[in-house]
Amino acid sequence: MSNVFVAFQANQESRYIVDAILEDNPGAIVDEQPAMVKVDVPNKMVIKRATIEEKMGRDFDLQEMHMHLITLSGNVDEDDEQFVLEWKS
């Protein structure tokens with residue numbers, strides 16, 4: 001079992017995204033650093049646009065997430081509704 005992860009700049013917009021990740025991925029582990037926040041999830045992470053919108057209280061385009069992204073680990077599969085990280089064989 002391998003973890004996938006995503007790391008964001010530590011700012012208010014990212015906090016909403018991280019809160020959404022934690023809600024949608026029960027096994028998520030957060031590592032907060034002074035300038036970034038990293039989230040690890042075993043096997044597969046799903047980041048849902050709808051959950052982020054709920055946290056932010058406004059419409060959210062998943063492409064906005066890239067402005068706050070530092071790095072990630074895993075194979076990416078994304079569409080307008082969700083951003084998925086997982087290791088594929």
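Predicted model only: the values in this text are computed from it and were never measured. These values consider heavy atoms only, across backbone and side chains, with no hydrogens, waters or symmetry-generated copies.
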Q | Ile47-Val30 co-clustered via ILVMFWY side chain contacts under 4.5 Å | A | yes
Q: Indicate the atoms forming the closest heavy-atom contact of Pro34 with Ala10, along with that distance.
A: O-CB, 4.0 Å
Q) Between Asn75 and Lys88, is there a donor-acceptor pair closer than 3.5 Å when you use the side chain of the first and the backbone of the second? A) yes
Q: Mark yes or no for whether Asp79, through its side chain, and Gln82, through its backbone, hold a donor-acceptor pair below 3.5 Å.
A: yes
Q) Which is it for Val6 and Thr71 under the side-chain contact (heavy atoms from CB on, under 4.5 Å) test, yes or no, and what are the steps along the way? A) CA-CA 6 Å; Val6 62; Thr71 189; over 6 Å; no
Q. Would Leu69 and Val18 show up in the same hydrophobic cluster when neighbours are defined by side-chain heavy atoms closer than 4.5 Å?
A. yes
Q | Residue pair Ala28 / Leu22: nearest heavy atoms and the distance that separates them | A | CB-CD2, 3.6 Å
Q | Single-linkage hydrophobic cluster Val39~Met56, side-chain heavy atoms < 4.5 angstrom | A | yes
**Q.** Spacing of CG belonging to Asp40 relative to CD1 belonging to Ile29, to within rounding of 0.5 Å
**A.** 6.5 Å
(Q) Between Glu32 and Arg15 (salt bridge meaning N to carboxylate O under 4.0 Å), is one present in this structure? (A) yes
(Q) Does atom CG (Asp80) have a neighbourhood of more than 12 heavy atoms from anything else shown, all under 6.0 Å? (A) no
Q) Would you call Arg58 and Glu13 a salt bridge, using N to O less than 4.0 angstrom? A) yes
Q) Rounded to the nearest 0.5 Å, how far apart are CG of Leu72 and NE2 of His66? A) 8.5 Å
Q. How many angstroms lie between CG in Leu85 and CD1 in Ile21, if you round to the nearest 0.5 Å?
A. 8.5 Å
Q.
Looking at every non-hydrogen atom in both residues, tell me the closest pair between Pro42 and Gly27 and how far apart they are.
A. CD-O, 3.6 Å
Q | Leu62 vs Ile52 side-chain heavy atoms within contact, under 4.5 Å | A | yes
Q.
With a 4.5 Å cut-off on side-chain heavy atoms, are Val41 and Asn3 touching?
A. no
Q) Between Ala7 and Met36, which heavy-atom pair has the shortest distance, and what is it? A) CB-SD, 4.2 Å
Q: Indicate the atoms forming the closest heavy-atom contact of Glu64 with His68, along with that distance.
A: O-CD2, 3.5 Å
Q: Before giving the answer on side-chain contact (heavy atoms from CB on, under 4.5 Å), spell out for Val4 and Asn43 the whole-Å C-alpha distance, their side-chain angles and the decisive distance to 0.1 Å.
A: CA-CA 6 Å; Val4 294; Asn43 297 324; over 6 Å; no
Q. So how far is it from Glu78 CD to Arg49 CZ, rounded to the nearest 0.5 Å?
A. 13.0 Å
Q) Are the side chains of Glu53 and Asp59 in touch, meaning some heavy atoms are under 4.5 Å apart? A) yes
Q.
What I'd like to find out is whether the side chain of Met65 reaches to under 4.5 Å of the side chain of Phe8, using heavy atoms alone.
A. yes
Q: Could you tell me whether Lys55 sits above the aromatic face of Tyr16, with NZ or CZ closer than 6.0 angstrom to the six-membered ring centre and within 45 degrees of the axis?
A: no
Q) Do the side chain of Asn11 and the main chain of Ser14 share a donor and acceptor less than 3.5 angstrom apart? A) yes
Q: Calculate, to the nearest 0.5 Å, the distance between atoms NZ and CH2 belonging to Lys44 and Trp87 respectively.
A: 15.0 Å
Q. Do Gln9 and Ile70 have side chains that get closer than 4.5 Å, going by heavy atoms?
A. yes
Q) Atom CZ of Phe60 and atom CD1 of Ile17: how far apart are they, to the nearest 0.5 Å? A) 4.0 Å
